[in-house]
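Here the structure is laid out as C-alpha cells; the discussion comes afterwards.
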Protein chains: 2
Amino acid sequence: MTGSNATAAEMEEALRADGVRITRQRAALLKVLAEADDHPDANELHRRAREIEETVSLATVYRTLSALESQGVVHRLAFEGAPARFETTDAPHHDHIIDVETGAVIEFRSEKIEALQALIAEELGYEVVRHRLELYCRKRK
Amino acid sequence: MTGSNATAAEMEEALRADGVRITRQRAALLKVLAEADDHPDANELHRRAREIEETVSLATVYRTLSALESQGVVHRLAFEGAPARFETTDAPHHDHIIDVETGAVIEFRSEKIEALQALIAEELGYEVVRHRLELYCRKRK
DNA sequence: TTCAATGCAAACCCTTTGCACGGTA
DNA sequence: TACCGTGCAAAGGGTTTGCATTGAA
C-alpha cells in the first residue's frame with residue numbers, strides 16, 4: 001500500500017530460516033509480492049509471477065502463499081463474496097476500507113478501536129486472538 | 001441469540017409484501033429461523049427444516065435465504081474459512097465475537113466503535129455503507 | 001389457471017490435493 | 001544424492017442454476 005513492503009530478500013530469509021527451499025517459482029512470487037502495492041488475489045499474483053518466470057502454476061502460488069502465511073510473512077484477506085486477497089505483513093496491524101464501487105482497498109489503523117475491542121471482549125470474559133474489521137464504503141461527494 | 005427473534009408470522013408478512021409465495025417449505029424454514037437462537041449455517045437450517053417438512057431441499061433453503069436477505073429480514077454472516085451462517089435481523093445492528101475454540105458466537109454492540117468507524121471513513125473521504133467487525137476470541141482463565 | 005417455487009443434479013468458483021517428475025541444497 | 005517442490009488434473013466444499021414438474025393464490 002505504502003511502498004514499505006517487506007523486500008523479496010527479507011521474505012526469502014524468513015522462508016530459508018524455516019527450511020523452505022527458494023525455487024525460481026517462489027523467487028518470482030516473492031518479487032511480485034514485494035512490489036505489489038495493491039492487494040492482489042491468487043489469480044492476479046499468478047498472472048504477475050508468470051511475467052517473471054513462466055513456469056509458475058496456480059497450485060504453486062497457493063502453496064507458497066500458505067507457507068508464507070503460516071510463517072507470518074503474508075496475510076490472507078477474505079473480503080465479502082470475493083476470492084482471498086493477500087498482503088505482506090511488513091506494516092503493523094491495520095484494518096481495511098473497501099470501496100464498494102471500485103474494489104479499491106485502503107488501509108487504516110485506529111488505536112482507539114483496538115483498545116475498545118479488547119475492552120469489550122474482556123467485559124464478556126474473552127481475550128481477542130485476532131480480529132477482522134472491514135468498512136465497505138463509498139466515496140463522499 | 002436473545003429469544004427476541006422476529007416471529008415466523010412477521011417474516012411471512014415481509015415476504016408476502018414483496019409478492020413472494022409462502023410454501024410449506026418456506027413456512028418450515030421461517031419457523032426454524034424464528035426459533036433459532038444460535039447462528040446456524042445453511043446445512044443446519046436444512047436439517048432442522050426437514051424435521052418440520054421433509055420435502056425441503058438444500059437448494060430451496062439457499063434460495064429462500066437469499067430472498068430473505070435481499071428483503072433485509074436475514075443477515076448472512078461470513079466468518080473466516082467457514083460456511084455462511086444466518087441470523088434474523090430483528091435486533092438492531094451488532095457485531096460478533098467468535099469463540100475460536102468452540103465456534104460459539106456472541107453478539108455485542110458498541111456505539112463508540114460505530115462512531116469511530118464513521119469518523120475514520122470520513123477523514124479518508126468515504127462514508128460507510130456497511131461494515132464487518134469480528135473478534136476471534138478465547139475464553140479468559 | 002397461472003406462473004412462481006420446487007427437487008434434482010449438474011455446474012460454478014475458489015482452493016486444495018494426489019501423483020509422478022524435476023530441481024534445490 | 002536426497003527429498004522438497006513442481007505442474008497437471010482431478011477432487012473438494014459451499015453455493016448457485018437449468019430444467020421439467022408441482023403447487024400456492
Side-chain angles (χ1 to χ4, degrees), chain A residues 8-9 11-32 39-47 49-50 52-71 73-86 103, chain B residues 8-9 11-32 39-47 49-50 52-71 73-86 103:
Chain A
M11 288 190 271
E12 225 182 274
E13 201 42 50
L15 286 178
R16 276 188 212 281
D18 213 69
V20 174
R21 293 180 184 172
I22 307 303
T23 60
R24 279 175 287 119
Q25 292 84 349
R26 287 186 171 163
L29 180 57
L30 294 188
K31 188 163 191 294
V32 166
H39 298 73
D41 62 21
N43 241 321
E44 175 62 16
L45 289 168
H46 181 217
R47 199 190 61 68
R50 281 230 229 212
I52 299 173
E53 166 55 57
E54 58 179 38
T55 75
V56 186
S57 71
L58 185 55
T60 289
V61 170
Y62 274 111
R63 278 188 281 233
T64 303
L65 286 170
S66 294
L68 290 167
E69 189 187 13
S70 69
Q71 280 151 56
V73 185
V74 152
H75 269 161
R76 178 186 299 247
L77 311 174
F79 298 144
E80 286 182 356
R85 300 171 69 158
F86 298 85
Chain B
M11 288 190 272
E12 224 182 275
E13 201 42 50
L15 285 179
R16 277 189 211 281
D18 213 69
V20 174
R21 293 178 184 176
I22 307 303
T23 60
R24 278 174 289 119
Q25 292 85 348
R26 287 187 171 163
L29 180 58
L30 294 187
K31 188 161 190 296
V32 166
H39 298 73
D41 63 20
N43 242 322
E44 176 61 16
L45 289 169
H46 181 217
R47 200 190 61 68
R50 281 228 228 215
I52 300 173
E53 165 56 56
E54 57 179 37
T55 75
V56 185
S57 71
L58 185 55
T60 288
V61 169
Y62 273 111
R63 278 189 279 233
T64 303
L65 286 170
S66 294
L68 289 167
E69 189 188 13
S70 70
Q71 280 151 57
V73 184
V74 153
H75 269 160
R76 175 186 300 246
L77 310 174
F79 299 144
E80 285 182 358
R85 300 171 68 159
F86 299 85

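Within every chain, numbering begins at 1; the chains are lettered A, B, ... in the order of the sequence lines, protein sequences first and strands thereafter. Side chains included, hydrogens not; waters and symmetry mates left out as well; all remaining heavy atoms used. Computed from a predicted model, the values in this text were never measured in an experiment.
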Can you find a pair of side-chain heavy atoms, one from B:Leu30 and one from B:Leu68, that are under 4.5 Å apart? yes

Whole angstrom value for the distance that separates C1' of D:dG12 from CG of B:Asn43: 15 Å

Just how far, in rounded Å, is P of C:dT16 from CG of A:Leu65? 9 Å

Rounded to whole Å, the CD-P distance (B:Glu54 to C:dT6) equals 16 Å

Okay, side chain of A:Ser70, backbone of A:Ala67: is any donor-acceptor separation there less than 3.5 Å? yes

Taking only N/O atoms, report every protein-nucleotides 20-25 of chain C pair under 3.5 Å with atom names and distance.
residue, atom, partner, partner atom, Å
C:dG23, N2, A:Arg21, NH1, 2.7
C:dT24, O2, A:Arg21, NH1, 2.9
C:dA25, OP1, A:Arg16, NH1, 3.2
C:dA25, OP1, A:Ile22, N, 3.0

Residues forming a ring-ring contact (aromatic ring centres under 6.0 Å, His included) with B:Tyr62, sequence neighbours excluded: none

Rounding to an integer number of Å, can you tell me how far B:Glu44 CD sits from D:dT15 P? 14 Å

Could you tell me the separation between the CG atom of B:Leu77 and the C1' atom of D:dT15, rounded to a whole number of Å? 16 Å

Looking only at heavy atoms, what is the nearest atom pair of A:Ala42 and A:Val61, with distance? O-CG1, 3.9 Å

Would a 4.5 Å heavy-atom cut-off, applied to side chains only, mark B:Glu12 and B:Leu15 as touching? no

Closest approach of A:Pro83 to A:Asp41 (non-hydrogen atoms, all atoms of both residues): CG-OD2, 3.9 Å

Whole Å only: how far is the CG atom of B:Leu29 from the C1' atom of C:dA5? 14 Å

Could you list, one pair per line, each protein nitrogen or oxygen that sits under 3.5 Å from a nitrogen or oxygen of nucleotides 16-18 of chain D, together with the distance?
residue, atom, partner, partner atom, Å
D:dG18, O6, B:Arg63, NH1, 3.3

Between B:Arg26 and C:dT6, is there a contact of a side-chain N or O with OP1 or OP2 at under 4.0 Å? yes

Nearest whole angstrom, please: distance from the P of C:dT15 to the CD of B:Glu80. 14 Å

CG of B:Leu15 versus P of D:dA25: gap in Å, rounded? 11 Å

Compare all side-chain heavy atoms of A:Gln25 with those of A:Ser57 and state whether any distance is below 4.5 angstrom. no

If each of B:Arg50 and B:Gly19 is mapped to the nucleotide of DNA chain C with the nearest heavy atom, which maps nearer the 5' terminus, i.e. the 5' end? B:Gly19

Heavy-atom pair with the smallest gap, counting every atom of B:Ala28 and B:Ile52: O-CD1, 3.8 Å

Going through the checks in order, is the side chain to side chain contact (heavy atoms under 4.5 Å, CB included) test met by B:Leu29 and B:Val56? CA-CA 9 Å; B:Leu29 180 58; B:Val56 185; 5.9 Å; no

